[in-house]
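This report refers to the structure that appears directly beneath it.
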Amino acid sequence: MSNVLIGNQEFFKGIGKIGYEGPESDNPLAYRWYDENRVIQGKTMKEHLRFAVAYWHSFNANGSDPFGGPTLFFPWDKNADVIQRAKDKMDAAFEFFTKIGLPYYCFHDVDVVDYGNDVAENEKRLATLVEYAKEKQAASGMKLLWGTANLFSHERYMNGAATNPDFQVLTHAAAQIKAALDATIALGGENYVFWGGREGYMSLLNTNMKREKENLAKILHLAKDYARSQGFKGTFFIEPKPCEPTKHQYDYDASTVLGFLREFDLMDDFKLNLEVNHATLAGHTFQHELQVAADAGLLGSIDANRGDYQNGWDTDQFPNNINEVAECMLIILEAGGFAGGGINFDAKIRRNSTDPADLFYAHIGGADTFARALVIADNILQNSDYKAIRSERYSSYDSGKGKEFRDGKLDLQALRDIAAASGEPEVRSGKQEFLENLINRYI
Ligand code: XLS
Ligand code: NI
Ligand code: NI
């Protein structure tokens, strides 16, 4: 990779390019499992995992929380000029991308440059930074996994964006989506995400849910039609989340979004971007959400992070649980990988992680967790009884009367007659503990 320090400042001083050193390495600034060139099932790790760095958490999130202000004082956030400040931040971002050695990044419009209240001025600012990003992508080889519009932070969106009861607010959402689509297309973005942070309600007493959902679907159709008319060939992703910041978010979970896409005829262009911590907020395991999406052919992309078992909220910590991630990789591998997307680290370092190196440790740990899980899952699929046990469990449907039932050849009376003639079924174990031990054996 060539030098990408176009701005001529080094923000992460003393940290060089992170390389792969193998599981025996003691170097905390090296990959122990993520070897981008290692081939598994005919694809490199880089191609399987398609890691992305999230601009918002890595270069904007300053450690503030509902109880206190910033703790992370970024050296790229100092210049008084809005455009220069945004360029400094982009310099820092691309320096980080290049040093961490992950192939993709993702951003919201307002992550790259501050927006004001003037639509035309915002469009101009974003376009300026898009030109700058183009140079940086060309110099570094970085690619954009997806772009999106932040339709939840500005106070005008307090009652929703595309689901706002006020048409005037909806038009502002549309303006932001249009500019974010233009930016994504200009940067060769491979996908576009809709996360409806405030597309829901705080109280049903003041909400016409039916109308809000219809408006949301209309905006999604208009966005898709506009992007396609501008030559966008990528996939649109909806990112489910049950709540937070709203009490109830319409894109509650994978099954709910699936129903929504079907109801509003969006199945051809939209897939899912699933997030670990959102699954747990919805009362599901992440494995459950992945399987629902995979079964529907909608497993587009994931936002990798983790929550905290002892509290409920979206803590967005970096992934580190090998057992859970290995079970997830089993589902992802069996589904044939991501449909267009990849693994975006929608995760942030903690408020008291104040060393520049902490951002590196976080991404190294996350990437190594997934890479190791990929190796484990591949090993389980190739060398264990895992698949055979599951297919054997359903084998009574593969031949004879079971197959006739599957083929729609038996009616209710016929099923009754089989039951009456064959008597009580044999007792069969589900072998859950055996399978749990099998996963641990391969870790
Ligand atoms: C918030 C979401 C958000 C989306 C992008 O919980 O995860 O970060 O991924 O708008
Ligand atoms: Ni989230
Ligand atoms: Ni997310």
Side-chain angles (χ1 to χ4, degrees), residues 50-62 64-66 104-112 115 144-154 157 160-163 173 176-177 179-181 183-184 189-200 216 219-220 223 235-254 257 270-284 286 289-290 293 299-308 311-319 328 338 340-350 362 366:
R50 298 164 59 81
F51 285 126
V53 176
Y55 216 96
W56 56 102
H57 284 310
S58 296
F59 312 107
N60 294 306
N62 58 17
S64 60
D65 69 12
Y104 288 98
Y105 70 110
C106 299
F107 68 80
H108 302 83
D109 45 4
V110 303
D111 300 339
V112 294
Y115 267 25
L144 178 63
L145 188 65
W146 48 262
T148 187
N150 176 329
L151 306 177
F152 43 90
S153 294
H154 194 282
Y157 298 125
T163 61
Q176 259 187 269
I177 292 170
L181 282 168
T184 302
E190 298 184 17
N191 308 279
Y192 186 88
V193 162
F194 292 91
W195 172 61
R198 295 196 194 271
E199 311 295 25
L216 175 59
I219 286 290
L220 295 177
T235 306
F236 300 92
F237 296 141
I238 308 255
E239 183 177 323
K241 187 174 182 182
C243 56
E244 198 207 6
T246 51
K247 175 212 157 27
H248 175 91
Q249 197 178 307
Y250 296 135
D251 300 327
Y252 195 93
D253 62 1
V257 175
F270 285 74
K271 292 192 165 37
L272 297 174
N273 178 39
L274 299 170
E275 179 163 323
V276 183
N277 211 162
H278 298 182
T280 43
L281 282 178
H284 303 306
F286 191 50
E289 290 292 85
L290 288 168
L299 179 51
S301 204
I302 67 172
D303 273 5
N305 56 24
R306 75 176 204 274
D308 180 299
N311 62 29
W313 63 86
D314 196 7
T315 58
D316 287 340
Q317 287 161 261
F318 275 80
C328 294
F338 302 113
I343 300 172
N344 169 47
F345 289 114
D346 195 352
K348 58 177 178 255
I349 53 175
R350 299 301 89 188

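In listed order, ligands and their atoms are each counted from 1.
Geometry note: the Ni ion (ligand 2) is the vertex, His278 NE2 and Asp314 OD2 are the arms, and the angle is 90° (rounded to 10 degrees).
A donor and an acceptor atom, one from each side chain of Asp316 and Asn305, are located under 3.5 Å apart. Defined by atom type and a distance below 3.5 Å, a donor-acceptor pair is present between the side-chain atoms of Asp346 and Trp56.
Annotation: side chain of Phe152 is in contact with side chain of Asn150 (closest heavy-atom distance under 4.5 Å). Using a 4.5 Å cut-off on side-chain heavy atoms (C-beta onward), Arg350 and Gln317 make contact. Taking the side chain as every heavy atom from C-beta outward, Thr235 and Trp146 never approach each other to under 4.5 Å.
Residue contacts with ligand 1, taken as heavy atom pairs separated by less than 4.0 Å, do not involve Glu244 at all.
The Ni ion (ligand 3) lies closest to atom OD2 when only the N/O/S atoms of Asp346 are considered. Checked against the Ni ion (ligand 3), the N, O or S atom of Glu239 at the shortest distance is OE2. Taking the N/O/S atoms of Asp303 in turn, the shortest distance to the Ni ion (ligand 3) belongs to OD2. When the Ni ion (ligand 3) is compared with the N/O/S atoms of Glu275, atom OE1 turns out nearest.
In this structure, the protein non-hydrogen atom closest to atom 2 (C) of ligand 1 is Glu239 OE2, 3.3 Å. With hydrogens left out, the protein atom closest to atom 10 (O) of ligand 1 is His108 NE2, 2.7 Å, a heavy atom.
Of the inter-residue distances, the one linking His278 atom NE2 with Tyr252 atom OH reads 13.0 Å to the nearest 0.5 angstrom.
Any N or O atom pair closer than 3.5 Å counts here, and Asp303 shares at least one such pair with ligand 1. Between Trp146 and ligand 1, a contact under 3.5 Å exists for no N or O pair. By the 3.5 Å distance cut-off applied to N or O atoms, Asn273 is not counted among the residues near ligand 1. Polar contact with ligand 1: present for Asp346 (N/O pair, distance under 3.5 Å). The shortest N/O to N/O separation between Trp195 and ligand 1 does not fall below 3.5 Å.
Of all non-hydrogen atoms in Phe338 and Gly300, the two that sit nearest each other are CB-O, 3.3 Å. Asp109 approaches Tyr115 most closely through the heavy-atom pair CB-OH, 3.5 Å. Contact detail for Gly307 and Thr315: the closest heavy-atom pair is CA-OG1, 3.3 Å. Among all heavy-atom pairs drawn from Leu181 and Ala223, the shortest one is CD1-O, 3.6 Å.
Every heavy atom of His57 sits 4.0 Å or more from the atoms of ligand 1. Residue contact annotation: Val193 has no non-hydrogen atom under 4.0 Å from ligand 1.
Using a 4.0 Å cut-off to heavy atoms of Asp314, the atoms of ligand 1 that qualify are 6 (O). Near Trp56, with a cut-off below 4.0 Å to any heavy atom, the atoms of ligand 1 are 8 (O).
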Q: Take Tyr104 and Glu190, measure what side-chain contact (heavy atoms from CB on, under 4.5 Å) needs, and give me the verdict at the end.
A: CA-CA 10 Å; Tyr104 288 98; Glu190 298 184 17; 3.1 Å; yes
